[in-house]
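Here the structure comes first, spelled out in structure tokens, and everything after it is commentary.
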Amino acid sequence: TAIITATAAGLSASFEITILRPAAMINDTRYATIQGAIDAAVSGDVIEIIGGSHNETLTINKSDISFVPVEGETVLLTNLITISGNRENISFSNLGFTGNAQIKSTGTLKGFKFRYNEVFDTALPGSGYLPINRVNVNAFIQFYRLADVDLFGDINIEYNHFENIQSDIISLDRTMVNTEINIQENTFKNFEISAIRFDGGWNNGTYNIKQNSFENDIMSGFSAISFRAFAPSSGNTQNIYIENNHFKNIGETSRNRDGDQPGSGVITFSTFNGNATNVFIRNNAFENTFNSIHLRGGASNWSATVSDNVFTDVSGYVYFESVKLATYADNLFYDRLGEPIESSRLVLNDSSTFRFLQIAEPVLESFSIVGDDTGETGDEITLSLEATPPYFVFDQVLWTSSDDAVATVENGKVQLLQVGTVTISATYGEITETFEITISEKMAAFIGEVGYLTIQDAINAASAGDSI
């Protein structure tokens with residue numbers, strides 16, 4: 001607020017001006033709040049949001065509007081956005097979302113575009129991993145209603161980056177007939193529960209989940225793509241395409257399947273609602289994943305094709321299937337070093353009610369200890385084990401020293417304490433190997449490659465021109 005005062009002929013007058021920083025624009029009209037711009041918008045308007053952080057709670061009560069930042073400016077939205085019922089064609093592009101940011105709708109919503117956005121470090125707590133329970137889980141994009149059919153359609157979530165999300169990221173249910181769900185070319189990084197979850201009810205339409213990257217820094221996250229429920233309403237067909245995605249470091253090994261129901265797994269299917277459904281899982285890469293594919297379909301009206309996928313250093317089962325009707329073709333399997341896995345290690349369990357494929361753990365044939373075999377007092381030497389076969393992974397190795405006064409060892413790290421010779425032993429299972437290290441006194445100085453215990457000794461031995 002500014003007060004302007006004018007004085008003339010001994011008289012004064014003042015005028016108060018309130019200066020508002022606009023939050024949004026439609027064409028050349030500025031609005032103090034984003035909600036004010038929404039309320040004023042008409043079909044086809046583009047709401048430009050002024051750069052900065054905005055903590056407004058928003059209700060989108062109009063159709064056919066788009067949200068973008070003012071050109072060249074960075075926008076962060078940090079609170080709840082609710083899309084009211086019976087809306088069409090809502091778009092968010094090139095925006096940032098963090099803190100308490102969330103987008104919710106209970107439908108109907110047809111036409112939603114979320115493109116080129118950054119979503120990170122959100123505060124919404126997770127509801128837990130619930131792959132077999134009909135629950136309205138917390139999610140950053142949460143489009144859910146417990147009843148009805150054909151609620152959400154033509155949903156396009158593309159070219160976004162999602163990182164450090166503790167809730168589910170995308171949760172959809174009861175999708176519309178003759179529409180598409182396109183989740184493509186996104187990056188999902190360091191998610192705690194599921195990146196994508198489908199619930200229902202009937203789910204109609206075609207799903208295209210393609211060319212995404214799902215990656216955690218360490219193995220974590222319960223699922224990349226979780227179908228709690230799938231299959232369309234009567235008379236319709238649902239096609240699900242999961243293609244050309246990369247999955248890395250995904251899975252919680254403590255949460256295995258429960259009978260034929262999924263536990264933690266990269267791609268999981270739970271409740272098949274009985275009508276015509278075709279699943280295609282093709283040309284994906286799985287790297288250091290647990291329980292990569294879990295299929296739970298039906299004896300009729302269901303098909304699945306799992307082909308041309310690459311599985312590298314995977315654990316648990318490669319795939320699990322409840323009805324033994326899926327087609328598997330041209331999948332490739334590699335160990336942690338990138339070498340092809342021998343066919344003898346591919347173990348198919350074909351029980352009377354289900355089947356699953358696992359990769360048998362390698363059997364250790366022998367190993368050797370490698371590292372420096374000489375050192376000086378005070379040094380630390382790191383020893384490692386080389387296994388045959390080379391892709392074998394050691395877990396619990398017992399390391400011991402022949403004389404802890406000379407050298408100690410813990411997890412392969414050897415502390416050299418006294419001059420002498422020490423034998424380090426490594427035991428794994430019933431195999432023990434030894435490694436001898438010779439320890440000399442710590443040198444204080446060198447002339448060329450000749451060491452001296454003290455600098456004075458080096459000086460005494462030096463000749464003209466020497467560098468100590």
Side-chain angles (χ1 to χ4, degrees), residues 120-122 125-132 137 139 161-170 186-197 209 212-227 242 244-258 261-270 281 284-295 306 309-320 331-339 341 345-347 356-362 364 384-385 387 389-397 411-412 428:
F120 60 95
D121 299 337
T122 53
S127 302
Y129 178 57
L130 301 165
I132 65 176
V137 300
H161 181 82
F162 302 90
E163 185 164 1
N164 294 335
I165 311 297
Q166 56 184 313
S167 66
D168 286 68
I169 299 176
I170 299 167
N186 302 284
T187 300
F188 300 91
K189 188 171 178 61
N190 293 332
F191 51 92
E192 293 189 14
I193 304 178
S194 297
I196 304 169
R197 173 187 168 95
I209 306 173
N212 301 284
S213 173
F214 303 83
E215 181 177 345
N216 294 321
D217 289 339
I218 60 173
M219 182 175 274
S220 57
F222 286 93
S223 176
I225 306 169
S226 179
F227 289 84
I242 304 174
N244 298 297
N245 301 286
H246 181 217
F247 305 96
K248 184 175 181 180
N249 298 337
I250 298 170
E252 293 286 351
T253 58
S254 62
R255 184 76 178 270
N256 212 335
R257 64 181 174 89
D258 182 8
Q261 287 282 10
S264 177
V266 180
I267 302 170
T268 67
F269 288 79
S270 177
I281 302 175
N284 301 285
F286 298 81
E287 183 178 354
N288 191 32
T289 55
F290 175 69
N291 292 351
S292 298
I293 299 171
H294 188 107
L295 298 171
V306 179
N309 300 286
V310 177
F311 300 89
T312 302
D313 191 25
V314 299
S315 59
Y317 47 80
V318 178
Y319 65 76
F320 174 97
N331 299 294
L332 299 175
F333 308 93
Y334 295 93
D335 63 32
R336 67 184 181 89
L337 300 179
E339 297 296 323
I341 289 176
R345 291 181 58 207
L346 301 177
V347 180
F356 62 92
L357 178 70
Q358 289 182 299
I359 298 173
E361 292 294 330
L364 179 65
S384 60
L385 305 182
Y391 48 79
F392 183 87
V393 178
F394 295 93
D395 47 17
Q396 295 180 342
V397 178
N411 295 325
Y428 186 86

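Being a predicted model, the structure only gives us computed values, none of them experimental.
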message: Please check this pair: side chain of Ser264 against backbone of Glu252, looking for a donor-acceptor N/O pair closer than 3.5 Å.
response: yes
query: Around atom CD1 of Ile218, are there more than 12 heavy atoms of other residues, nucleotides or ligands at under 6.0 Å?
result: no
task: State which residue, out of Asn331, Leu357, Thr289, fulfils the side chain to side chain contact (heavy atoms under 4.5 Å, CB included) condition with Phe311.
output: Asn331
message: Under the side chain to side chain contact (heavy atoms under 4.5 Å, CB included) test against Phe286, which residue among Ile267, Asp313, Asn245, Val318 passes?
response: Ile267
query: So, does Tyr129 use its side chain to make a donor-acceptor pair with the main chain of Gly263 at under 3.5 Å?
result: yes
field: Aromatic Phe356 / basic Arg257 pairing, under 6.0 angstrom, 45° off normal
entry: yes
Backbone of Met219 reached by a side-chain donor or acceptor of Asn249 within 3.5 Å: no
query: Should the pair Phe392 and Phe394 be assigned to parallel (<30°), tilted (30 to 60°) or perpendicular (>60°) ring geometry?
result: perpendicular
- prompt: Is the shortest heavy-atom distance from the side chain of Phe188 to the side chain of Ile170 under 4.5 Å?
  reply: yes
Main-chain N/O of Asn309 paired to Asn284 side chain as donor or acceptor, under 3.5 Å: no
task: Kindly assign one of parallel, tilted or perpendicular to the pair Phe247 and Phe214, based on the angle between their ring planes and the thresholds 30° and 60°.
output: parallel
message: Measuring only between side-chain heavy atoms, which start at C-beta, is Gln261 closer than 4.5 Å to Ser270?
response: yes
